[in-house]
Amino acid sequence: MTRDEIDLRSDTVTRPGRAMREAMATAVVGDAVWGDDPTVTELEEKTAALLGKQAGLFVPSGTQSNLCALMAHCQRGEEYIVGQNAHTYKYEAGGSAVLGSIQPQPLEFEPDGTLDLDLVRSKIKPDDPHFAQTTLLSLENTHDGKVLPMSYLSDARAFADEMEISLHLDGARVWNASAALGIPVENIAASFDSVSVCLSKGLGAPVGSVLVGNQDLIDRAIRWRKMLGGGMRQAGILAAAGIYALDHHRDRLVEDHQMARSIAEQLGGVSGVNVLDVQTNMVFVDFSDFAGDAAAGLANEGIIAAVQAGPSRFVTHLDLPHDTPERLVAALTNAQGV
Ligand SMILES: *Cc1c(COP(=O)(O)O)cnc(C)c1O
């Protein structure tokens, strides 16, 4: 990606800059599977501390982090409740069922990205040999760029305690939720038994996620990570990028949110474009009949985006040039004329 390139498909497209690469190049490493890599240990401890949990586990991807969490929480033949469009359920190749023998019970999300706790209650199976035992509820924050209300998180915690089930957060973008609310990420994590966070989304690291929870849960997750092929050796090179991202790229997430709002405001003035939602770093837009021309117009200007009939999203991140909103609007305005 050249400095001026605009890629709005996802916040995963960022490339490590010079200072992050320098941190990677100079990282002190060891064999992390033996527990000998000080940089991996530092990243795990730092992330756990930020999220107010006992322990952390560095894994290659958010997919593996969520799967390690599910397998650490649930035994074979147990069930977890999850959103129909949740990443864990829909976008992770069915790993909980295939590799974990964990039955998912998917439910529709509410428009605000929450799961209706009365609906969840109605799906929790009684203790009867006919049923898989429900042992876990999994939420996502942010979900499609939406921030879950703090009051909902404490309601979900009270609910999980009442039902005696565990509560997992897919917090791939929990950093964005924290930045949007201006609340420490620890306060968000406090409602959950485990949280999976991504370093490779808005934080801009090339690779990696961290699962945090109590020591007992992380000890179980370490065995699953090994089985899933996620035991990495001199992984401090990657962990160094994660530490750099935590130190330097969290505070600037508000800039991504500002740019997303600016895109939404400016797109509001383009005919054929209906802005549906913007809360954090994602702008959801409906192009309806204009989708074909819009896609061609963006391609003409070298703007990379996934435009489709139905809701399309533009995702902001740290590699976008400052004039992205203006160039996006110009490209779409020009596309009107063709
Ligand atoms: C990206 C993402 C993940 C993990 O994705 P990986 O590509 O496996 O790192 C998990 N949950 C959500 C909500 C995500 O956006």
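Source: prediction; values computed, not measured.
A donor-acceptor distance shorter than 3.5 angstrom exists from the side chain of Ser61 to the backbone of Gln64, with no hydrogens or angles considered. In this structure a side-chain-to-backbone donor-acceptor pair under 3.5 Å is present from Thr39 to Val28. Between the Asp277 side chain and the Phe284 main chain, no donor and acceptor come within less than 3.5 Å of each other. Put simply, the side chain of Thr47 never gets that close to the backbone of Glu44: no donor and acceptor are under 3.5 Å apart. For Gln215 (side chain) and Gln54 (main-chain N/O), no donor-acceptor pair under 3.5 Å exists by modelled atom type. Lys146 places a side-chain N or O within 3.5 Å of a backbone atom of Pro111 that can act as its donor or acceptor partner. Under a 3.5 Å cut-off, the side chain of Gln308 and the backbone N or O of Pro311 do form a donor-acceptor pair. In this structure, the side chain of Lys53 engages the main chain of Phe192 through a donor-acceptor pair within 3.5 Å. Looking at Arg173, its side chain never comes within 3.5 Å of a backbone N or O of Lys201 through a donor-acceptor pair. A donor-acceptor distance shorter than 3.5 angstrom exists from the side chain of Thr316 to the backbone of Asp256, with no hydrogens or angles considered.
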For Leu169 and Val174, run side-chain contact (heavy atoms from CB on, under 4.5 Å): C-alpha distance rounded to whole Å, both residues' side-chain angles, the deciding distance at 0.1 Å, then the answer.
CA-CA 9 Å; Leu169 181 66; Val174 72; 4.0 Å; yes
Could you please spell out the steps behind the ring-ring contact (aromatic ring centres under 6.0 Å, His included) verdict for His143 and Phe109?
CA-CA 9 Å; His143 170 65; Phe109 278 116; 3.9 Å; yes
Could you go step by step and tell me if Asn141 and Leu153 meet the side-chain contact (heavy atoms from CB on, under 4.5 Å) rule?
CA-CA 10 Å; Asn141 194 14; Leu153 301 188; 4.3 Å; yes
Let's go through Arg225 and Leu57 carefully: what are the C-alpha distance in whole Å and the side-chain angles of both, what is the deciding distance for side-chain contact (heavy atoms from CB on, under 4.5 Å) to 0.1 Å, and is it a yes or a no?
CA-CA 9 Å; Arg225 181 186 68 172; Leu57 185 64; 3.4 Å; yes
With side-chain contact (heavy atoms from CB on, under 4.5 Å) as the criterion, how do Leu332 and Val329 come out once you've worked through the C-alpha distance, each side chain's angles and the decisive distance to 0.1 Å?
CA-CA 5 Å; Leu332 290 171; Val329 167; 5.9 Å; no
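In this model, a donor atom of one side chain and an acceptor atom of the other lie less than 3.5 Å apart for Asn281 and Asp11. Between the side chains of Asn176 and His257, at least one donor N or O lies within less than 3.5 Å of an accepting N or O. Side-chain N/O atoms of Thr114 and Asp112 include a donor and acceptor closer than 3.5 Å. Inspection of the Asn66 and Glu92 side chains reveals an N or O donor paired with an N or O acceptor under 3.5 Å. The closest side-chain donor-acceptor pair between His130 and Asp128 falls under 3.5 angstrom. Between His73 and Ser194, the side chains place a donor N or O and an acceptor N or O closer than 3.5 Å (distance only, hydrogens not considered). Counted by atom type alone, Ser196 and Ser65 present one or more donor-acceptor pairs between their side chains at under 3.5 Å. A donor and an acceptor atom, one from each side chain of Ser262 and Gln266, are located under 3.5 Å apart.
Arg9 and Asp7 are joined by a salt bridge, as a carboxylate oxygen and a charged side-chain nitrogen come within less than 4.0 angstrom of each other. Looking at Asp247 and Lys46, a side-chain N of the basic residue comes within less than 4.0 Å of a carboxylate O on the acidic one, giving a salt bridge. Contact check on Arg121 versus Glu162 returns a salt bridge, with a Lys/Arg side-chain nitrogen under 4.0 Å from an Asp/Glu carboxylate oxygen. Using a 4.0 Å cut-off between a side-chain N of Lys or Arg and a carboxylate O of Asp or Glu, Asp118 and Lys123 do not qualify as a salt bridge. Classification of Arg327 and Glu301 as a salt-bridged pair fails, no side-chain N sitting under 4.0 Å from a carboxylate O.
If you chain together hydrophobic residues whose side chains sit under 4.5 Å apart, Leu119 and Tyr80 never meet in one group. Transitive grouping of hydrophobic side chains (ILVMFWY, heavy atoms separated by less than 4.5 Å) keeps Val315 and Leu318 in distinct clusters. Hydrophobic cluster membership is shared by Phe159 and Ile188, with clusters built from Ile, Leu, Val, Met, Phe, Trp and Tyr side chains linked at under 4.5 angstrom. Val40 is connected to Leu199 through a chain of hydrophobic side-chain contacts under 4.5 Å among Ile, Leu, Val, Met, Phe, Trp and Tyr, so both are in one cluster. Under the 4.5 Å side-chain heavy-atom criterion for Ile, Leu, Val, Met, Phe, Trp and Tyr, Val195 and Tyr152 are members of the same hydrophobic cluster.
Here the side chains of Ile81 and Thr134 are in contact, with some heavy-atom distance below 4.5 Å. Side-chain atoms of Ile6 and Leu298, non-hydrogen and from C-beta on, never get closer than 4.5 Å to each other. At a threshold of 4.5 Å between non-hydrogen side-chain atoms, the residues Glu42 and Ile243 count as touching. You'll find the side chain of Val270 reaches within 4.5 Å of the side chain of Gln336, heavy atoms only. Residues Leu203 and Trp175 have side chains in contact (heavy-atom distance under 4.5 Å, counting atoms from C-beta outward). Between Arg220 and Leu217, some side-chain heavy-atom pair lies under the 4.5 Å cut-off. Looking at heavy atoms from C-beta onward, Leu137 lies out of side-chain contact with Val82 at the 4.5 angstrom threshold. Side-chain contact between Leu211 and His168 is present, with heavy atoms from C-beta onward closer than 4.5 Å.
Crowding of Glu164 atom CD: a count of heavy atoms from other residues, nucleotides or ligands under 6.0 Å not exceeding 12. Other residues, nucleotides and ligands place no more than 12 heavy atoms under 6.0 Å from the CZ atom of Arg223. For Gln75, the CD atom is loosely surrounded, since the number of other residues' heavy atoms within 6.0 Å does not exceed 12. Around the CG atom of Asp289, the shell of radius 6.0 Å holds no more than 12 heavy atoms that belong to other residues, nucleotides or ligands. Heavy atoms of other residues, nucleotides or ligands lying less than 6.0 angstrom from CG of Asp161 number more than 12.
We find the OG-OH distance between Ser96 and Tyr89 to be 9.0 Å, quoted to the nearest 0.5 Å. Expressed to the nearest 0.5 Å, how far CD1 of Ile183 lies from OG of Ser178 amounts to 8.0 Å. In this structure, CG in Leu328 is found 5.5 Å from CD1 in Ile263, a value given to the nearest 0.5 Å. Atom NE2 of residue His322 and atom CG of residue Asp4 lie 11.0 Å apart, to the nearest 0.5 angstrom. Between the NE2 atom of His317 and the CG atom of Leu320 there is a distance of 3.5 Å, given to the nearest 0.5 Å.
Ala241 and Met20 get closest at one heavy-atom pair: O-CE, 3.7 Å. Closest approach of Thr14 to Asp319, counting heavy atoms only: CA-OD2, 3.2 Å. Of all non-hydrogen atoms in Ala305 and Phe314, the two that sit nearest each other are CB-CE2, 3.6 Å. Shown here for Pro126 and Phe131, the closest heavy-atom pair between the two residues is O-CD1, 3.5 Å. Of all heavy-atom pairs spanning Glu140 and Asp144, the tightest one is OE2-N, 4.5 Å. Closest heavy-atom contact between Ala264 and Val278: CB-CG1, 3.6 Å.
Tested against Lys125 for a side chain to side chain donor-acceptor pair (under 3.5 Å), the candidates Gln103, Glu78, Glu79, Gln133 yield a single pass: Glu79.
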